[in-house]
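In what follows, a single structure is set out as structure tokens and then discussed.
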Amino acid sequence: MFSDKKNINILTSLLVAHGVKRVVVCPGSRNAPIVHNFNECDDITCYPVTDERSAGFYALGMALADDSPVAVCVTSGTALLNVVPAVAEASYRHRGIVVISADRPLEWIDQLDGQTLPQNGAFGRYVSKCVSLSEPNNEQEHWYCNRLINEALIAVRTHERKSVHINVHINEPLFNFTLSKLPVERKIGYVPSIMNLGALRAIAERMLTAHKPMVIVGQTRTRSSEVADAIKTIGRKVVVISETLASDVMTHFDLMLSRIGKDERYMPDFILYLGDNMVSKRLKKFLRLSHPDESWAVSEDHEIHDTFMHLTGLIEADYIEALNELAEMINGMGGKQGCKSYADNNNVEFRQRWKEQIEIIDAKITSYEPQYSQMSAVKEFEESLADMDYGYQVHYANSSVVRLADIYADHYVWCNRGVNGIEGSLSTAAGFSVVCCDMVFCVIGDLSFFYDQNALWNTNLGGNFRILLLNNGGGGIFYNLKGLKESHACEKLVAACHTTTAQGICTQNDIGYVSARNDEELRLGIAMLLTSETKRPMLLEVFTDISDDSNALIELVKNIK
């Protein structure tokens, strides 16, 4: 039996119609009628998560894993505000979540009643659509409620793929479950616009005749063999720069830039940027010094992202479609005008110069053996992972660890680089693991882990979720920032140094726990992390020294220079 609240029933029916199959639900009384409906519905699976901040990132992880919108349902009051970080990250990743919040009757907002605050509009620009549903009392109000929900569920699937907020006002009594079946509701369909291939082709033709063309691929929304194949094809005629957040194709350009400095011979005269954020600060600084004749960006959200400060044009398109079209042009496939029309020697010198430097960097990274540190832990993990014969997905948290991934990972890396926050990395990976059949690893630093430890307070996690926790007792990345470590505030107030360990957290949440404090224990621990057969999650905590971590990176850069 379903709730007697018409707005809740219209919402439930349309969620099913629009293909929302998963809802992360948080405890509360005001949202209980909504949760009841979802639980009664055979087409929806509910996943309980108590901490709303974790729940939002948990939903994001699910959305990333199966590339479809996931909802998170919270009760009234401050519960909603805890979802803001996840909503922002999901929007900037173009994998928006559907936030469903229960609300008190409108007339009781700001009247000193329990758990009441203005919820409509709480997410501001972080959502593409916010609708508020009162309970309809006539046919016109029913039509209006239906239309608002359709608008929100269409918005979460448009090119922007930003999060949306559906706020549901619910009057008492709350718990009358008297409806035998859901109403059949009108679904409004959506057909996305088609990319203007002609415009992209014209720009690509000019790029292929440039003397120093460069294609830059930022973070992509999912792991895709299409992206990797396109990057390899384009790279035969153009310098292509990408990180592990883009594809399986490795390019150690960040360390290369530490070697070449401000050498103008490596600066492009034509730039085409696709995808989202990049980790490398060096690249941004380097290209901001360049003066290309043309600089174009392919954008899914039709927003101007002038990252390098010399954008000359914007193409609104799906970047995977754009990459494939560009690769097709270069191959000269399908009768299209391809690279054979252009002089092959236009940019040979530029490509060769980059190729030689990248090969030098690759060789130096391969030969470098770091001392026991977070760097050696990631190196050991990635080298051992390459020998595994099962499917796997690897999430890296922000800050130092994702930069280590760009040195040693030879596969696509999942990371919350929408706004680069540390707060939800573990929850995102946890949610991902519930949907994904592969082994799911999360490599994470101590501050990120302890901040998000409630991700493990969860009944849905299984043995395919493994965590590599790098614990050096504080925010190690702050010690690499020039001048900051000289501040008396650095250790306790900025780097947040601590003596906390994860063992107790693992015990209380039934997580298998192993630790390492030297090279031998590290090798054994990683072997266990990768090969142990268990039905519960497992965590390896690697204890290192902040100074050793910093010195390992400094020595690598010295060796490269």
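Residues meeting the side chain to side chain donor-acceptor pair (under 3.5 Å) test with S91, sequence neighbours left out: S163. Evaluation of the ring-ring contact (aromatic ring centres under 6.0 Å, His included) rule for F432 yields H395, W414 as partners, not counting sequence neighbours. With sequence neighbours left out, N39 forms a side chain to side chain donor-acceptor pair (under 3.5 Å) with no residue at all. Qualifying side-chain contact (heavy atoms from CB on, under 4.5 Å) partners for D438, counting only residues two or more places apart in sequence or in other chains: Q393, C436. Residues that satisfy the side-chain contact (heavy atoms from CB on, under 4.5 Å) test with V434, not counting sequence neighbours, are Y47, Y58, M62, N460, L461. Residues forming a ring-ring contact (aromatic ring centres under 6.0 Å, His included) with H411 (at least two apart in sequence, or on another chain): Y392. Legend: residues meeting side-chain contact (heavy atoms from CB on, under 4.5 Å) with L174, ordered by chain and number and at least two apart, are R30, P33, I170, E172. In this structure, the side-chain contact (heavy atoms from CB on, under 4.5 Å) partners of N146, at least two apart in sequence or on a different chain, are I10, L14, N150, E185, R186. Taking the side chain to side chain donor-acceptor pair (under 3.5 Å) definition, one finds that K129 meets it with E151, sequence neighbours left out.
Between T500 and F449 the shortest side-chain heavy-atom distance does not fall below 4.5 Å. Contact check for D452 versus F57: no side-chain heavy atoms found under the 4.5 Å cut-off. Counting only heavy atoms from C-beta outward, the side chains of I44 and V16 approach each other to under 4.5 Å.
Listed for the Y412 side chain is a donor-acceptor partner under 3.5 Å among the backbone atoms of T220. Looking only at distances, no side-chain donor or acceptor of Q453 sits under 3.5 Å from a matching main-chain atom of I505. When atom types are taken as modelled, the side chain of N509 and the backbone of N458 share no donor-acceptor pair closer than 3.5 angstrom. Using modelled atom types, one side-chain atom of D406 and one backbone atom of T244 make a donor-acceptor pair closer than 3.5 Å. Of the possible polar contacts, one joining the R93 side chain to the C415 backbone as a donor-acceptor pair under 3.5 Å is found. Checked by atom type and distance alone, the side chain of E382 never pairs as donor or acceptor with a backbone atom of Y408 at under 3.5 Å. Of the possible donor and acceptor atoms, one in the side chain of Q119 sits under 3.5 Å from a partner among the backbone N and O of G77. Within the 3.5 Å criterion, the main-chain N or O of R104 finds no donor-acceptor partner in the side chain of S76. Proximity of a side-chain donor or acceptor of S532 to a complementary backbone N or O of T534 within less than 3.5 Å is not detected. A donor-acceptor pair under 3.5 Å is formed between the side chain of R466 and the backbone N or O of L529.
Other residues, nucleotides and ligands contribute at most 12 non-hydrogen atoms within 6.0 Å of the CD atom of E139. Heavy atoms from other residues, nucleotides or ligands lying under 6.0 Å from NZ of K6 number 12 at most. Enclosure of atom CD in Q140 is not indicated, since only 12 or fewer non-hydrogen atoms of other residues, nucleotides or ligands lie within 6.0 angstrom.
No salt bridge links D66 with K21; every basic N to acidic carboxylate O contact stays at or beyond 4.0 Å.
In this pair, F441 and F381 present their aromatic rings perpendicular. The plane angle is above 60°, beyond the 30 to 60° band.
Among pairs with a residue in residues 97-150, those fulfilling ring-ring contact (aromatic ring centres under 6.0 Å, His included) read F123-H165, at least two apart in sequence or across chains. Residue pairs meeting the salt bridge (charged side-chain N to carboxylate O under 4.0 Å, His left out) criterion with at least one partner in residues 37-55, sequence neighbours excluded, do not occur; the list is empty. The salt bridge (charged side-chain N to carboxylate O under 4.0 Å, His left out) pairs that include a residue from residues 217-230 are R221-E300, R221-D318, R223-D248, where partners are two or more places apart or lie in different chains.
N167 and N120 are not linked by any side-chain donor-acceptor pair at a separation below 3.5 angstrom, with hydrogens and angles left out of the test. The closest side-chain donor-acceptor pair between T428 and N416 falls under 3.5 angstrom.
The shortest non-hydrogen separation linking L326 to I234 is CD2-CD1, 3.6 Å. Between N277 and G418, the closest heavy-atom pair is ND2-O, 3.9 Å. Between A405 and V413, the shortest heavy-atom contact is CB-CG2, 4.2 Å. The minimum heavy-atom distance between V156 and V164, with the atom names listed, is N-CG1, 3.9 Å.
Each of S132, S101, S134 was checked for a side-chain hydrogen bond (donor to acceptor under 3.5 Å, both in side chains) with H169, and the lone residue meeting it is S132.
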